[in-house]
Amino acid sequence: MKYPFLDIEKKWQDYWERHQTFKTVDNPSKPKRYILDMFPYPSGAGLHVGHPEGYTATDIYCRYLRMKGINVLHPIGWDAFGLPAERYAMQTNIHPRITTEQNIATFTRQIKMLGLSYDWSREVDTTDPKYYRWTQWIFLKIYNSWYDLRQQKARSIDALIREFEQKGSEGLSLEPGFTAEQWRKKSKKEQQDILADFRLAYVAEIPVNWCEGLGTVLANEEVEEWREKGYTVERRPMKQWMMRITAYAERLLEDSKELDWPLSTLDQQKNWIGRSEGAEIHFPIKGNGETVTVFTTRPDTIFGATYMVLAPEHPLVNVITTQQQKNAVEEYRKQAALKSEFERGIDKDKSGIFSGSYAINPATKKEIPIWIADYVLMGYGTGAIMAVPGQDERDWEFAERFGLPIIRTVQPPSDFKGKPYLGDGPAINSDFLNGLYIDKAKVKIIEWVESNKLGTRKINYKLRDWLFSRQRYWGEPVPIIHLEDGTMKPLDESELPLLLPELEKFQPSGTTESPLALATDWVNVVDKQTGLKGRRETNTMPQWAGSCWYYLRYIDPDNDRVLCDPAKEKYWMPVDLYIGGAEHAVLHLMYARFWHKVLYDLGYVTTKEPFMKLLHQGTILGEDNQKMSKSRGNVVNPDEVVLEYGADSMRLFEMFMGPLEDSKPWSTRGVEGVYRFLNRVWRVFVTEEGAIDPSIQDVPASPEFERLYHQTVKKVGEDIEALRFNTAISQMMIFLNETMKLEKKPRALLEQFVLLLAPFAPHIAEELWNKLEHSESLAYAPWPSYTAEKTIEDTVEVVFQVNGKVRSKAVVALNTAEGDLEDLAKNDTHVKRHVDGKRITRTIVVKNKLVNIVISPN
RNA sequence: GCCGAAGUGGCGGAAUUGGUAGACGCGCUGGACUCAAAAUCCAGUUUGGCUCAAACCAAGUGGGGGUUCGAGUCCCCCCUUCGGCACCA
């Protein structure tokens with residue numbers, strides 16, 4: 001007979017809901033744990049088997065913690081803005097809100113079907129105006145902040161304005177600077193432009209991937225896809241909202257050292273931030289008084305800088321290009337603009353064109369040609385380099401191709417065969433640096449550069465500011481109005497939320513603007529204060545915005561005065577354990593850390609970092625070991641699995657498959673395996689008639705069984721704490737296998753076993769607990785305890801080795817003396833056969849483990 | 001190319017302050033129950049050799065070297081797979 005999982009699971013899910021079993025109460029006197037899942041994007045396809053993996057892991061952990069008396073916060077919600085719903089709306093004209101609601105309903109049903117112990121009263125939905133009101137509120141906070149380098153933190157823009165009014169730009173590196181009086185005389189527009197250079201959210205004209213055919217800007221990773229479909233995508237400078245995440249580069253790097261995160265994720269973030277130390281050096285341009293500033297990590301090689309390169313987009317290109325070269329340069333720039341950054345990288349053959357001008361190498365005082373080439377990127381450093389072909393692969397390649405001079409300035413080893421030499425060695429051809437190795441040469445040249453006012457020491461980051469605007473409808477509107485006098489006006493907090501307008505048709509606007517531009521009533525406004533006409537910002541926020549702070553809203557989801565009550569924030573933050581996919585290793589996790597730090601600086605949160613411990617669940621592959629996909633036909637539907645084997649089996653199997661963070665293939669046989677285990681559990685406890693099995697009696701346990709029990713309690717608890725669920729389940733299986741052999745089963749221990757099983761398979765556990773005459777849910781029953789002494793075996797098997805090879809074994813009392821072990825070994829018949837006639841050179845005895853007799857050949 | 005993770009039976013995986021490799025599950029084989037099947041239960045199951053069988057012997061944790069009484073575990077080199085980055089000066 002199969003155990004009636006469908007009835008049981010329904011029954012207990014209803015029970016938990018009716019009794020609000022998992023509703024979390026803020027109780028600052030109790031120890032807390034905040035356990036967070038990455039909230040899902042509710043797609044039309046519904047849940048796939050990958051989702052429940054992480055969710056089950058956190059659920060087991062939470063259920064365990066509750067039984068340990070911990071106050072647990074474990075919420076769920078929806079990252080529901082996003083492109084799929086909007087695309088669907090374009091095709092069907094069904095409002096994304098409708099689609100989103102339907103998808104959320106499906107996801108909710110499926111998640112509830114798995115018996116996950118979320119506090120549903122805290123559910124959040126990023127598309128709910130009550131939620132995105134606060135996303136917009138945070139945007140305004142960021143917009144109205146600037147990063148004060150002196151204090152290394154974000155501060156209100158009002159503080160900066162006051163400072164300008166009182167002291168002008170003194171103390172802030174600003175070119176050109178101004179006095180307080182000059183500031184006051186500036187027009188509002190001029191003042192705004194200056195402030196924009198400080199704000200953490202600002203509008204910039206940056207090159208983006210513009211696709212005329214689609215009427216939208218594409219993300220870098222989307223470009224290839226649309227090109228293949230025949231669309232033209234071009235790099236075009238456009239006005240976009242940016243977030244000044246680069247101001248936080250150093251802190252994002254520094255603070256990550258204290259996080260308990262997967263090494264690979266920390267590494268990815270580190271690489272993404274890409275800190276490098278070096279110097280900025282000014283190269284005067286011959287003949288016109290301008291200078292080109294370059295960034296280099298190898299200032300020690302400056303004597304080998306035989307030419308310079310500017311990025312095609314560099315502002316000085318127009319200034320330095322000579323009349324003769326004008327047409328060729330113009331043509332080259334056009335071609336470069338058509339290539340994405342990705343394509344520039346793909347093109348291994350370096351291209352470039354001579355500008356016609358020369359610069360003076362400040363070290364050698366020699367004239368060097370200035371080239372324009374797209375292997376230099378405008379977005380990094382200064383967009384210009386000093387080319388040192390002797391010590392740089394790219395420069396060498398370029399120099400070879402265009403016949404530019406190559407001078408080595410580091411002596412390669414005598415057996416060196418390569419072209420550029422990147423390793424360490426004494427400087428050569430470098431005047432006063434000659435003989436110095438790289439580190440010392442760097443120190444000396446930077447001193448020389450700084451004392452001669454030719455440049456400065458400098459740290460650069462690969463990290464770039466965050467492109468924050470999207471030409472989309474289904475996102476949070478940016479609460480900014482562009483006034484006719486050219487200034488921008490943020491909405492007042494009291495005007496939030498700024499709701500999305502209703503649209504009749506969900507089509508691209510036909511211009512570079514989002515579909516919001518079509519909602520003319522919404523877009524066109526008159527500023528009440530000034531009477532100026534204005535247009536609302538028509539870009540919306542990226543999907544990342546809502547997910548940047550949702551963990552804070554769970555803490556206080558219904559608060560309409562603040563985004564999160566400070567006392568509650570102090571109690572619950574930080575998130576103690578965060579589980580979600582590795583695909584978010586950089587973007588989501590970096591953006592969220594960034595916003596969190598801004599909120600920290602402004603005093604809205606009390607922790608420097610939001611997520612203390614992070615774990616990525618591995619991908620669940622199809623039964624054929626391939627990625628699950630519709631086209632492969634290897635997708636497993638959780639609904640079917642639950643219908644056939646029950647939610648408890650599904651949960652148990654996903655945890656039993658292997659380590660949480662590993663990728664592993666689905667196996668229907670495997671599900672059947674854990675399903676059989678649950679059936680055995682049921683049969684051990686319950687008779688055919690549904691009564692408690694008569695073999696379960698109030699009898700004392702045998703010493704062996706009691707020992708196994710204590711070992712099991714210990715192992716299951718320790719494994720849950722370490723999130724090693726697969727081995728915890730193994731141990732429970734071992735316990736059950738032994739239990740089944742007993743004619744009389746000690747009730748007390750079996751009851752405790754039900755509690756061990758409860759976090760993993762909560763439905764069957766509740767039902768058994770109930771049958772064992774407990775009237776209340778076991779959700780808060782005390783977790784079983786064990787006695788360390790009782791886990792210890794009184795005998796051990798000791799191995800006898802000869803020359804490291806196992807030749808015999810013996811069971812002896814625990815802690816048998818080493819001398820006795822040695823005697824046993826030497827008298828063992830099997831050992832004797834290998835030892836007799838040989839000379840024993842050494843004997844190693846490890847108590848409770850082994851005896852190793854080392855013999856020499858004769 | 002660079003960074004990171006990982007390679008253990010037919011399969012998923014256990015086992016690391018260096019000390020019995022293969023726990024647990026799947027599959028497979030044989031048996032019990034059954035008219036039969038399903039379900040369930042019991043036994044076996046790394047490979048090879050020798051065996052009716054046991055015992056025994058040999059090999060064995062991607063490959064090759066090394067350290068050690070002893071290596072899946074530590075060190076060096078290489079190969080493969082997966083994930084990320086990709087002209088970042």
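Chain A is the first sequence line, chain B the second, and so forth, proteins listed ahead of strands; every chain is numbered from 1.
- Because its NZ or CZ atom is not both nearer than 6.0 Å to the ring centre of A:Trp272 and within 45° of the ring axis, A:Arg593 does not count as a cation-pi partner of that residue.
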| Nucleic acid footprint by protein, nucleotides 15-20 of chain B - heavy-atom cut-off 4.0 Å, B for base, S for sugar-phosphate alone | ----BB
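- Here the separation of B:G22 from B:C26, taken at their C1' atoms, is 15 Å to the nearest Å.
- Using atom P as the reference point in both B:G63 and B:G9, the two lie 10 Å apart (nearest Å).
- A:Tyr332 and A:Ser351 share a side-chain donor-acceptor pair at under 3.5 Å.
- Regarding the sugar-base torsion, B:G72 falls in the anti class, its angle being beyond 90° of 0.
- Contacts between residues 664-677 of chain A and RNA chain B, counted as heavy-atom distances below 4.0 Å, involve A:Lys664, A:Arg669, A:Gly673, A:Arg676.
- A:Tyr307 places its OH atom 16 Å from the P atom of B:A89, with the value rounded to the nearest Å.
- Taking the C1' atom of each, B:U80 and B:G64 are spaced 15 Å apart, rounded to whole Å.
- In this entry the distance linking CG of A:Asp267 with P of B:G83 reads 18 Å, nearest Å.
- Rounding to the nearest 0.5 angstrom, the gap separating the CZ atom in A:Phe677 from the CG atom in A:Asn737 is 8.0 Å.
- Here the separation of B:A14 from B:U68, taken at their P atoms, is 32 Å to the nearest Å.
- Between the C1' atoms of B:G62 and B:C42, the separation comes to 38 Å (whole Å).
- Of the candidates B:A89, B:C87, B:G4, the closest approach to any side-chain atom of A:Phe295 belongs to B:A89.
- Judged by closest nucleotide on RNA chain B, A:His830 is the one of A:Asp395 and A:His830 placed further toward the 5' end.
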| said: Please determine whether ring-ring contact (aromatic ring centres under 6.0 Å, His included) holds for the pair A:Tyr421 and A:Phe416, giving the CA-CA distance in whole Å, both sets of side-chain angles, and the decisive distance to 0.1 Å. | reply: CA-CA 8 Å; A:Tyr421 177 64; A:Phe416 179 72; 4.9 Å; yes
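- Remark: A:Arg807 is not in phosphate contact with B:C56, judged by side-chain N or O atoms under 4.0 Å from OP1 or OP2.
- Remark: A:Glu277 does not engage A:Lys442 in a salt bridge, criterion side-chain N to carboxylate O under 4.0 Å.
- In summary, A:Glu793 and A:Arg707 engage in a salt bridge, as defined by a charged side-chain N under 4.0 Å from a carboxylate O.
- Nearest nucleotide to the side chain of A:Pro659, out of B:G13, B:A58, B:C24: B:G13.
- Here the side chain of A:Asp392 is nearest to one of B:A39, B:A89, B:A5, namely B:A89.
- For A:Lys350 and A:Phe398, the positive end is not near the middle of the six-membered ring at less than 6.0 Å and at most 45° from its axis.
- A salt bridge does not link A:Glu718 to A:Lys715: none of the charged nitrogens lies less than 4.0 Å from a carboxylate oxygen.
- Listed here is the closest heavy atom pair of A:Tyr307 and A:Ala399: OH-N, 3.8 Å.
- Candidate nucleotides B:C41, B:G4, B:A89 were compared by shortest atom distance to the side chain of A:Arg680, and B:C41 ranks first.
- Not one side-chain nitrogen or oxygen of A:His616 sits closer than 4.0 Å to the OP1 or OP2 atom of B:G83.
- Of the listed residues (A:Arg724, A:Gln731, A:Lys714), just one forms a side-chain hydrogen bond (donor to acceptor under 3.5 Å, both in side chains) with A:Asp719, and that residue is A:Arg724.
- Both A:Arg833 and A:Ala384 lie close to RNA chain B; mapped to their nearest nucleotides by heavy-atom distance, the more 5′-ward contact belongs to A:Arg833.
- For A:Lys350 and B:C87, a side-chain-to-base donor-acceptor distance below 3.5 Å is present, hydrogens and geometry of angles not being considered.
- The side-chain heavy atoms of A:Trp261 and A:Lys613, taken from C-beta on, include no pair separated by under 4.5 Å.
- A distance of about 39 Å separates the P atoms of B:C28 and B:G65, rounded to the whole Å.
- If you check B:G4, B:C41, B:C24 against the side chain of A:Ser264, the one that comes closest is B:G4.
- Picking from B:A89, B:C87, B:C41 the nucleotide with the shortest atom distance to the side chain of A:Ser276 gives B:A89.
- Straight-line distance from the CG atom of A:Leu422 to the P atom of B:A89: 12 Å, rounded to whole Å.
- Nucleotide B:A5 holds its P atom 12 Å from the NZ atom of A:Lys270, rounded to whole Å.
- Aromatic ring orientation, A:Phe653 versus A:Trp666: perpendicular (interplanar angle above 60°, classes split at 30° and 60°).
- Stem list for RNA chain B (at least 3 consecutive Watson-Crick or G-U pairs, distances under 3.5 Å): B:1-7 with B:79-85, B:10-12 with B:24-26, B:27-32 with B:40-45, B:46-49 with B:56-59, B:62-66 with B:74-78.
- Taking atom CG on A:Leu266 and atom P on B:A5, their separation rounds to 12 Å, with Å as the unit.
- The phosphate of B:G25 has OP1 or OP2 within less than 4.0 Å of a side-chain N or O from A:Asn737.
- Relative orientation of the A:Trp466 and A:Tyr591 rings is parallel, given thresholds of 30° and 60° on the angle between their planes.
- Nearest nucleotide to the A:Asn726 side chain, out of B:A14, B:G4, B:A23: B:A14.
- How far CD of A:Glu280 is from OG1 of A:Thr382: 6.0 Å, rounded to the nearest 0.5 Å.
- Summarising the geometry, the separation between CZ on A:Arg683 and P on B:U40 is reported as 7 Å, rounded to the nearest angstrom.
- B:U67 sits 16 Å from B:G72 when the P atoms are compared, rounded to a whole Å.
- For A:Leu678 and B:G25, the CG to P distance is 13 Å, given to the nearest whole Å.
- Following rounding to the nearest Å, A:Arg842 (CZ) and B:G70 (P) show an atom-to-atom distance of 9 Å.
- Comparing the C1' positions of B:U61 and B:U47 gives an interatomic distance of 13 Å, to the nearest angstrom.
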